[in-house]
Colleague: 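Below is the structure I would like to discuss, written out as C-alpha cells.
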Amino acid sequence: SVRMLVGKILQLPIKTQLALKLMSCVGSSCSESTLLFFLDEEIATDIKKKEIVTNKKKKEIIKRSNMLNPANDLFPFMCLAVHEGLLKKEGTNYNFTHDQIQKAAYSLIPEDEKYLWHLHIGLNIWNGVLEEDEDEFIFIAVDQMNCGISSIESNDQKLFLAELNLRAGGKAMSLSTFLSCASYFGTGIRLLSREHWESNYELTLHLHNYYAEAEYCN
C-alpha cells in the first residue's frame with residue numbers, strides 16, 4: 001500500500017527522499033538529461049524562500065553552473081533508490097518500479113507546497129536548457145510551470161508564462177496535437193487580463209486566434 005511505501009521511503013537518507021519527491025512531480029518516468037536540470041538540493045531552498053526567478057540573467061547563471069558541474073549532487077542518491085528497488089534505470093531513463101511508489105513519494109510533499117515544487121522544476125528546466133535545445137524540453141518545462149500557476153502573481157511572471165504557453169502551443173500545433181495546443185493557448189489566455197489587449201496586443205491576439213483555430217480542429 002501507499003502507506004507502507006511512504007514508511008519505506010522515510011527510512012532512506014534525506015537526499016534520496018528529496019530526489020524521489022522531485023522526480024515524482026514529473027510522473028512515473030524521467031530521462032537523465034531532464035533530471036540533470038532539477039535534481040538539485042538548491043531547489044528545496046528556493047521553495048522555502050518562495051523565490052521565483054524568470055529572468056535571463058538567472059538563466060545564464062544556471063547554464064554556467066550546469067556546464068561547470070554537470071554531475072548533479074543528488075544522482076548518487078538516485079542509485080540508492082535503484083538499489084532499494086524503488087526505481088529502475090533503463091538506458092538513460094529512470095522509472096518508478098510501480099505507480100504506487102510515485103504516489104507515495106509525491107504524497108510526502110506538503111499539499112500547499114506542491115504547486116511551488118512544480119513551478120521551480122519547470123523554471124529550472126527552462127532556465128538551464130541551452131537555446132538550441134529549447135524545443136526538446138519546452139513541453140515538460142511548460143507543463144510543470146502550468147502546474148504551479150497558482151503561485152504566479154506578478155504581471156511580468158504571467159507574461160513570461162503566457163509567452164511560453166504560446167510557444168508550446170505553436171509547437172504542439174505543428175505536430176497536429178490539437179488537444180494539447182488548445183490547452184496551452186487556453187492557459188496562456190487565462191494568465192492575461194483585459195488590460196493586456198492594450199499593453200500586449202499581439203501576444204493576446206495570437207493566443208485567442210490560435211486557441212479558436214485549435215478548438216475548431218478538435
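These numbers come from the heavy atoms of this one structure, side chains and all, not from hydrogens, waters or symmetry mates.
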Colleague: Taking C-beta and beyond as the side chain, do His120 and Phe38 meet within less than 4.5 Å on heavy atoms?
Modeller: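 No - every pair of side-chain heavy atoms lies 4.5 Å or more apart.
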Colleague: Give me the atom names and distance for the closest heavy-atom approach of His118 to Gly148.
Modeller: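 That closest heavy-atom pairing would be CB-N, 4.1 Å.
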Colleague: Just how far is it from atom CD1 of Ile43 to atom CG of Leu119, taken to the nearest 0.5 Å?
Modeller: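 These two atoms lie 9.5 Å from each other.
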Colleague: Just how far is it from atom CG of Leu159 to atom CD1 of Ile152, taken to the nearest 0.5 Å?
Modeller: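 That separation rounds to 11.0 Å.
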Colleague: If only atom types and distance count, is the side chain of Thr97 paired as donor or acceptor with the main-chain N or O of Leu86 below 3.5 Å?
Modeller: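 Between the backbone of Leu86 and the side chain of Thr97 there is a qualifying donor-acceptor contact (under 3.5 Å).
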Colleague: Nearest 0.5 Å, what's the CH2-CE distance between Trp126 and Met145?
Modeller: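 It is 7.0 Å, given to the nearest 0.5 Å.
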Colleague: Taking C-beta and beyond as the side chain, do Ser154 and Phe160 meet within less than 4.5 Å on heavy atoms?
Modeller: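 No; the side chains remain at least 4.5 Å from each other.
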Colleague: Glu213 and Phe185: side chain to side chain contact (heavy atoms under 4.5 Å, CB included), yes or no, with the steps?
Modeller: CA-CA 10 Å; Glu213 185 179 338; Phe185 296 140; over 6 Å; no
Colleague: Return the minimal non-hydrogen interatomic distance between Gly85 and Ile101, and the atom names on each side.
Modeller: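 Closest approach of Gly85 to Ile101, heavy atoms only: O-CD1, 4.3 Å.
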Colleague: Verify whether one side chain among His196 and Ser199 offers a donor that lies under 3.5 Å from an acceptor in the other.
Modeller: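 Their side chains do not contain a donor-acceptor pair, so the 3.5 Å distance test is not met.
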Colleague: Which is it for Met173 and Lys171 under the side chain to side chain contact (heavy atoms under 4.5 Å, CB included) test, yes or no, and what are the steps along the way?
Modeller: CA-CA 5 Å; Met173 186 173 270; Lys171 181 171 171 60; over 6 Å; no
Colleague: Could you walk me through whether Cys30 and Tyr94 satisfy the side chain to side chain contact (heavy atoms under 4.5 Å, CB included) test, starting with their C-alpha distance in whole Å, then the side-chain angles of each, then the deciding distance to 0.1 Å, before giving a yes or no?
Modeller: CA-CA 5 Å; Cys30 192; Tyr94 282 90; 5.6 Å; no
Colleague: For Glu198, I'd like to know if atom CD has over 12 heavy atoms of other residues, nucleotides or ligands within 6.0 Å.
Modeller: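 No, not enclosed.
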Colleague: List the atom of Gly188, the atom of Ala162, and the distance in Å for their closest heavy-atom pair.
Modeller: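 Answer, listing the atom of Gly188 first, then Ala162: O-CB, 3.9 Å.
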Colleague: Find out whether Lys15 and Leu80 are in side-chain contact, i.e. whether some heavy atom of one side chain is under 4.5 Å from a heavy atom of the other.
Modeller: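 No, every pair of side-chain atoms sits at 4.5 Å or beyond.
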Colleague: For residues 1-12, dump all side-chain donor-acceptor pairs below 3.5 Å to protein atoms at least two apart in sequence or in another chain.
Modeller:
unit_1	atom_1	unit_2	atom_2	d
Ser1	OG	Met4	N	3.4
Lys8	NZ	Glu84	O	3.2

Colleague: Determine, using the 4.5 Å side-chain heavy-atom cutoff (strictly less than), whether Leu108 and Phe77 are members of one ILVMFWY cluster.
Modeller: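 Per the 4.5 Å side-chain linkage, Leu108 and Phe77 are co-clustered.
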Colleague: Can you tell me how far the CG atom of Leu161 sits from the CG atom of Leu166, to the nearest 0.5 Å?
Modeller: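 Output value for this atom pair is 11.5 Å.
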Colleague: For residues Leu175 and Leu179: do they belong to one hydrophobic cluster (side chain heavy atoms under 4.5 Å, members Ile, Leu, Val, Met, Phe, Trp, Tyr)?
Modeller: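 Different clusters: Leu175 never reaches Leu179 through Ile, Leu, Val, Met, Phe, Trp or Tyr contacts under 4.5 Å.
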Colleague: Could you check whether atom CZ of Phe137 has more than 12 heavy atoms from other residues, nucleotides or ligands sitting under 6.0 Å from it?
Modeller: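 Counting other residues, nucleotides and ligands, CZ of Phe137 exceeds 12 neighbours.
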Colleague: Rounded to the nearest 0.5 Å, how far apart are CG of Leu207 and CD1 of Ile189?
Modeller: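 The CG atom of Leu207 sits 5.5 Å away from the CD1 atom of Ile189.
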Colleague: Write down the atom of Ala104, the atom of Ser107, and the distance for their closest heavy-atom approach.
Modeller: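 Heavy atoms of Ala104 and Ser107 come nearest at O-OG, 2.7 Å.
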Colleague: Within the supplied structure, the quantity of interest is the number of heavy atoms (other residues, nucleotides, ligands) at a distance under 6.0 Å from Lys89 NZ; does it exceed 12?
Modeller: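 It does: Lys89 NZ has more than 12 such atoms within range.
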Colleague: To the nearest 0.5 angstrom, please state how far the CG atom of Asn93 sits from the CG atom of Leu87.
Modeller: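 Nearest 0.5 Å value for the CG-CG distance: 11.5 Å.
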Colleague: After noting the C-alpha distance and the side-chain angles of Glu153 and Lys158, does the key distance pass the salt bridge (Lys or Arg N to Asp or Glu O under 4.0 Å) rule?
Modeller: CA-CA 7 Å; Glu153 295 177 357; Lys158 288 178 181 178; over 6 Å; no
Colleague: Looking only at non-hydrogen atoms, find the nearest pair between Lys21 and Ala105 and report the distance.
Modeller: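 Shortest heavy-atom contact: CG-O, 3.4 Å.
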Colleague: Regarding Asp40 and Asn124, is there a side-chain donor-to-acceptor distance under 3.5 Å anywhere?
Modeller: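 Absent: no donor and acceptor within the cut-off.
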Colleague: Just by distance, with hydrogens left out, do Ser31 and Thr34 show a side-chain donor and acceptor under 3.5 Å apart?
Modeller: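 Checked: Ser31/Thr34 side chains pair up, N/O donor to acceptor below 3.5 Å.
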Colleague: Would you find a donor on one side and an acceptor on the other, under 3.5 Å apart, between the side chain of Ser28 and the backbone of Asp99?
Modeller: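 Not confirmed, Ser28 side chain does not pair with Asp99 backbone.
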Colleague: Distance-only, no hydrogens or angles: does the Asn127 side chain make a donor-acceptor pair with backbone N or O of Leu123 under 3.5 Å?
Modeller: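 At least one qualifying donor-acceptor pair exists.
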Colleague: Are Phe75 and Ile125 joined in one hydrophobic group, where the rule is that I, L, V, M, F, W and Y side chains link up if heavy atoms are under 4.5 Å apart?
Modeller: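 Linked within one cluster.
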Colleague: Between Tyr106 and Lys114, is there a cation-pi geometry (under 6.0 Å to ring centre, at most 45° from the normal)?
Modeller: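 Because its charged atom sits under 6.0 Å from the ring centre and within 45° of the axis, Lys114 does stack over Tyr106.
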Colleague: Look at atom CG of Leu205 and say whether more than 12 heavy atoms of other residues, nucleotides or ligands are closer to it than 6.0 Å.
Modeller: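 For Leu205, atom CG is crowded (more than 12 foreign heavy atoms under 6.0 Å).
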Colleague: Mind telling me whether Trp197 and His208 have parallel, tilted or perpendicular rings, with 30° and 60° as the class edges?
Modeller: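 It falls in the tilted class, 30° to 60°.
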Colleague: Compare all side-chain heavy atoms of Glu134 with those of Glu132 and state whether any distance is below 4.5 angstrom.
Modeller: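 No, every pair of side-chain atoms sits at 4.5 Å or beyond.
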Colleague: Can you name the nearest heavy-atom pair linking Trp117 to Cys25, along with the distance?
Modeller: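 It is CB-SG, 4.0 Å.
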Colleague: Between Tyr211 and Tyr184, is the ring pair (Phe, Tyr, Trp, His ring centres under 6.0 Å) condition met? List the steps.
Modeller: CA-CA 8 Å; Tyr211 178 72; Tyr184 289 123; over 10 Å; no
Colleague: List for me each residue that meets side chain to side chain donor-acceptor pair (under 3.5 Å) alongside Ser29, sequence neighbours excluded, and say none if there are none.
Modeller: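 Partners of Ser29 by the side chain to side chain donor-acceptor pair (under 3.5 Å) criterion, ordered by chain and then number, come out as Asn95.
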